[in-house]
Q: 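This is the structure, below, for whatever I ask next.
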Amino acid sequence: MLNIIWPVFIIISFGYAIVVGNLENVNKSIFDSAESAVELSIAFLGTMCLWNGLMKIVQETTLIDKLTKLLNPAMRFLFPELKKTSKANKEMSMNIIANILGLGNAATPLGLKAMEELQKENNNKDTLSDNMMMLIVLNTASLQIIPTTVIAIRSSLGSQNPSKIIFPVWISTICAAFMAIIFCKIIIKITRKK
């Protein structure tokens with residue numbers, strides 16, 4: 001559907017710009033937007049490399065085992081069917097830690113690895129398991145202590161106080177995660193009764 005909507009919007013915009021004689025401003029805005037997109041990508045590259053590198057170091061050291069143990073009570077509540085010794089447990093812990101640190105770009109590949117491991121443990125391959133559903137919900141809610149990506153965007157755009165959004169991010173992500181977990185647990189109970 002979006003493959004139809006966006007081209008239609010673009011065609012209408014260009015048509016309108018031609019009719020009202022504003023094509024020069026449209027061209028200028030296209031090039032200005034492309035330039036700022038490249039600048040933003042370059043600014044993100046450094047931040048992403050730093051945090052992805054740190055996450056790789058954490059994966060290769062015993063720190064991941066300590067962090068996984070720290071998360072075990074929450075993991076047992078959220079994923080009661082998950083075995084403590086499974087590879088999926090480690091991958092999911094890394095994914096949750098990356099999300100908590102606000103590393104959405106680092107969390108995505110870790111989440112995909114965790115989903116692959118959960119799929120291997122899934123008895124019904126064409127249906128999401130309860131653990132898979134909860135992981136998707138947690139990733140969508142994206143509980144964050146340090147919203148590094150948003151801070152990097154605000155900093156690159158010249159914000160006077162880029163970290164001012166930390167407290168509102170805490171409130172919104174905690175509320176989102178809390179509600180998401182409650183609804184997911186309710187859905188799991190309902191589906192188990194059927």
Q: To the nearest 0.5 Å, what is the distance between CE (Met92) and CE (Met132)?
A: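 That separation rounds to 10.0 Å.
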Q: In terms of hydrophobic clusters joined by side-chain contacts under 4.5 Å, are Ile171 and Val169 together?
A: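 Hydrophobic grouping puts Ile171 with Val169.
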Q: Atom NZ of Lys185 and atom CD1 of Ile182: how far apart are they, to the nearest 0.5 Å?
A: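 Result: 11.5 Å between the selected atoms.
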Q: Quick one: does Ile145's side chain get under 4.5 Å of Thr173's, heavy atoms only?
A: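 When only atoms from C-beta onward are counted, Thr173 and Ile145 do not touch, as no gap falls below 4.5 Å.
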Q: Under a 4.5 Å side-chain heavy-atom rule over Ile, Leu, Val, Met, Phe, Trp and Tyr, are Ile187 and Phe77 clustered together?
A: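 Ile187 and Phe77: separate clusters.
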Q: In the single-linkage hydrophobic clustering (I, L, V, M, F, W, Y; side-chain heavy atoms under 4.5 Å), do Tyr16 and Ile11 co-cluster?
A: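 In one cluster with Tyr16: Ile11, no.
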Q: When rounded to the nearest 0.5 angstrom, what distance separates CG in Asp130 from OG1 in Thr191?
A: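 It comes to 5.5 Å.
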Q: Do Gln144 and Ile166 have side-chain heavy atoms sitting under 4.5 Å apart?
A: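 No; the side chains remain at least 4.5 Å from each other.
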Q: For a quick test of reading the model, state the closest non-hydrogen atom pair linking Leu78 to Met134 and the distance between them.
A: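 That would be O-CG, 3.7 Å.
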Q: Could you report the tightest heavy-atom contact between Cys184 and Val137, atom names first, then the distance?
A: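 Looks like SG-CG2, 4.1 Å.
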Q: Any donor and acceptor pair, going by atom type alone, linking the side chain of Ser155 with main-chain N or O of Ile151 inside 3.5 Å?
A: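 Pair absent, no side-chain N/O of Ser155 close to backbone of Ile151.
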Q: If I take atom OG from residue Ser172 and atom CZ from residue Phe167, how far apart are they, to the nearest 0.5 angstrom?
A: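 Here the rounded value is 10.5 Å.
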Q: Atom OG in Ser29, atom CD in Glu24: separation rounded to 0.5 Å?
A: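 Answer for the OG-CD pair, Ser29 versus Glu24, is 11.0 Å.
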Q: Got a donor-acceptor contact below 3.5 angstrom from the Asn122 side chain to the Thr127 backbone?
A: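 Present.
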Q: Kindly indicate whether the side chain of Leu118, heavy atoms from C-beta on, has any atom under 4.5 Å from the side chain of Phe79.
A: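 Contact flag for Leu118/Phe79 side chains = no.
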Q: Assess whether atom NZ of Lys28 is packed by more than 12 heavy atoms of other residues, nucleotides or ligands within 6.0 Å.
A: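 Result for NZ/Lys28: open.
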Q: Search all heavy atoms of Ile165 against all heavy atoms of Pro162 and return the closest pair with its distance.
A: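 Heavy atoms only, the tightest pair is CG1-O, 3.6 Å.
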Q: Quick one, Asn89 and Arg76 - any side-chain contact, counting heavy atoms below 4.5 Å?
A: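 Counting from C-beta outward, Asn89 and Arg76 never come under 4.5 Å.
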Q: So which of Ile96, Ile97, Asn95 actually passes side-chain contact (heavy atoms from CB on, under 4.5 Å) with Asn99?
A: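 Answer after filtering Ile96, Ile97, Asn95: Asn95.
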Q: Does Met115 share a hydrophobic cluster with Ile188, counting links as ILVMFWY side-chain heavy atoms below 4.5 Å and allowing steps through other members?
A: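 Unlinked, Met115 and Ile188 end up in two clusters.
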Q: Which heavy-atom pair separates Ala88 from Ala114 by the least distance, and what is that distance?
A: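 Heavy atoms of Ala88 and Ala114 come nearest at CB-O, 4.5 Å.
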Q: Calculate, to the nearest 0.5 Å, the distance between atoms OG and CG belonging to Ser93 and Asn72 respectively.
A: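 Separation between the atoms: 6.5 Å.
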Q: Under the side-chain contact (heavy atoms from CB on, under 4.5 Å) criterion, do Arg154 and Lys164 qualify, and how do the steps go?
A: CA-CA 10 Å; Arg154 289 173 53 90; Lys164 192 174 184 177; 4.2 Å; yes
Q: Would you say Asn139's side chain and Leu135's backbone share a donor-acceptor pair under 3.5 angstrom?
A: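 Here the side-chain-to-backbone pair exists.
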Q: Assess whether a salt bridge exists between Glu117 and Lys120, defined as any Lys/Arg side-chain N lying under 4.0 Å from an Asp/Glu carboxylate O.
A: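 Salt bridge flag = yes for Lys120 with Glu117.
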Q: Please answer: with hydrophobic residues joined when any side-chain heavy atoms are less than 4.5 Å apart, are Phe183 and Phe178 in the same cluster?
A: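 As far as the 4.5 Å side-chain criterion goes, Phe178 and Phe183 are connected within one cluster.
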Q: What I'd like to find out is whether the side chain of Asn124 reaches to under 4.5 Å of the side chain of Asp126, using heavy atoms alone.
A: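 In short, these two side chains touch, coming nearer than 4.5 Å.
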